[in-house]
Amino acid sequence: MQVYKFGGTSVGSPERIKHVARLIQQGGRKIVVLSAMSGTTNTLVEIADYFRRGNKEGASNIINILRGKYLSHIESLYATAEMKERTRSFVEDLFYHLQDMDANAFDEEAEKFVLGQGELLSTNMMVNYLQEQGVRVALISALDFMRKDENDEPDTEYIRTHLSPIIEAHPEVDIFITQGFICRSAQGNIDNLQRGGSDYTASLIGAVLRVEEIQIWTDIDGMHNNDPRIVEGTTPVRHLSFEEAAELAYFGAKILHPTCIQPARYAGVAVRVLNTMEPSAPGTLINNEMQPGVIKAVAAKDNITVVKVVSSRKLLATGFLHMIFEIFEKYKTPIDVITTSEVGVSLTIDNTRHLQLIADELKQFGTVVIDRKQCIVCVVGDLRSQCTGFETLATDALRDIPIRMISFGGSEHNITFVVDMQDKQRTLEQLQARLFGAPAASAEA
Ligand code: ASP
Ligand code: MG
């Protein structure tokens, strides 16, 4: 058994749905997780916004536009009048329910109901199309087995004990289709796994069933070893360990949602990232193996703020870091990179909403300096401390670039630099040239 997941772009039009339908008929038995058609969830968010503000007419207008789109998709997707009619009746019912919602009693539960409609639409359309093609397919509702516990975390035991019997009850089925993203809360209400959560659904299903492989089908040819928009000559990365993938996911490497990595990793199920538009390309394989002595990729994140606290008192005395962290915690501001010395500490944050309040409170400990428009650059690969030379290579590549922070040793897979954003391009190019041997030419040149 395998799990395949297709994102919104992969099922973004009737043509794409047909393409995916052909693709999933190859290979063995599988569970296919689908996102909503691209743009749909964003539109549903907009609809929910109107409802929440009590503007039913505003919601109604957008619902009608979305409904029109789906009705026209039905015309081009199905060949038979019977399947057109069956799908139209489902779609009309669904939009009727949306139109019928009470704007005056629009609570969080109602909002989650609205957000979940996109996946219900895409999966229904796909199953009807496959049935029209004579495929042995079954639609299984994520709402029957995907559930969160009291801590708002996926309840893997519940998922396993509710999903397995559904699969076992259908030995005749080759392809199971289910919705990504949606689930039920511990109270049994419709809920979701956060935006972009379909990858998470696929990973959870693959993990509880311990499938052979989880395939994430997206619209790019795997991960590149550097940002192709900035650096010329980047190449796809064919293999990553789960740890390396986790480091890169923070940088919005965009191919894999960060939460998705954990369940597959614990279950030891490999994840393969593939390109729907180019199915024969090898993609990127992510598993528990570490390729010794190989540097995999360079990634960067912009618009980072560095907060430095310097004091003449002995800062690293017991409890000092704790008090500093507590201030960030109080303002719900995650810290990413941290470096310390005997007299000071530098931290980076991404979210600056409460920066002023944080800085004011930090002043009780020392002098606070804020540097905005910084960039985190991270080198990911086998950087175990007993392997020598890679840190030197990376720092040597940046010998003429002012480095604001360096962090190494937090994990065995990463060395992180913080540089000014105006030096980002040079930093990425010079690392590319030195680590992967590509010419240091600018993509814009
Ligand atoms: N449709 C949801 C979203 O757009 C979930 C997903 O695509 O993974 O966030
Ligand atoms: Mg998506």
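One is the number of the first residue; the rest follow in order along the sequence. Indexing begins at 1, ligand by ligand and atom by atom, following the structure's order.
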Sub-3.5 Å donor-acceptor pair from the side chain of [X] to the main-chain atoms of [Y], do we have one?
| X | Y | answer |
| --- | --- | --- |
| H19 | E15 | no |
| R184 | L143 | yes |
| T339 | M405 | no |

Non-hydrogen atom of [X] closer than 4.0 Å to ligand 1:
| X | answer |
| --- | --- |
| Q194 | no |
| G196 | yes |
| G197 | yes |

key: Polar side chain donor-acceptor pair, N225 to T235, under 3.5 angstrom   =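 Side chains of N225 and T235: pair found under 3.5 Å.
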Atoms in ligand 1 with a heavy atom of [X] nearer than 4.0 Å:
| X | value |
| --- | --- |
| T41 | 1 (N), 2 (C), 3 (C), 4 (O) |
| R195 | 3 (C), 4 (O), 9 (O) |
| E119 | 1 (N), 2 (C), 5 (C) |

ask   = Under the side-chain contact (heavy atoms from CB on, under 4.5 Å) criterion, do Y96 and D100 qualify, and how do the steps go?
value = CA-CA 6 Å; Y96 175 78; D100 202 35; 4.2 Å; yes
message = Using a 4.0 Å heavy-atom cut-off, which part of S35 comes near ligand 1: side chain, backbone, both, or neither?
response =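 For S35, only side-chain atoms sit under 4.0 Å from ligand 1.
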inquiry  = Counting the benzene-type ring for Trp, do F145 and H162 have ring centres under 6.0 Å apart?
reply    =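 No; H162 has its ring centre 6.0 Å or more from that of F145.
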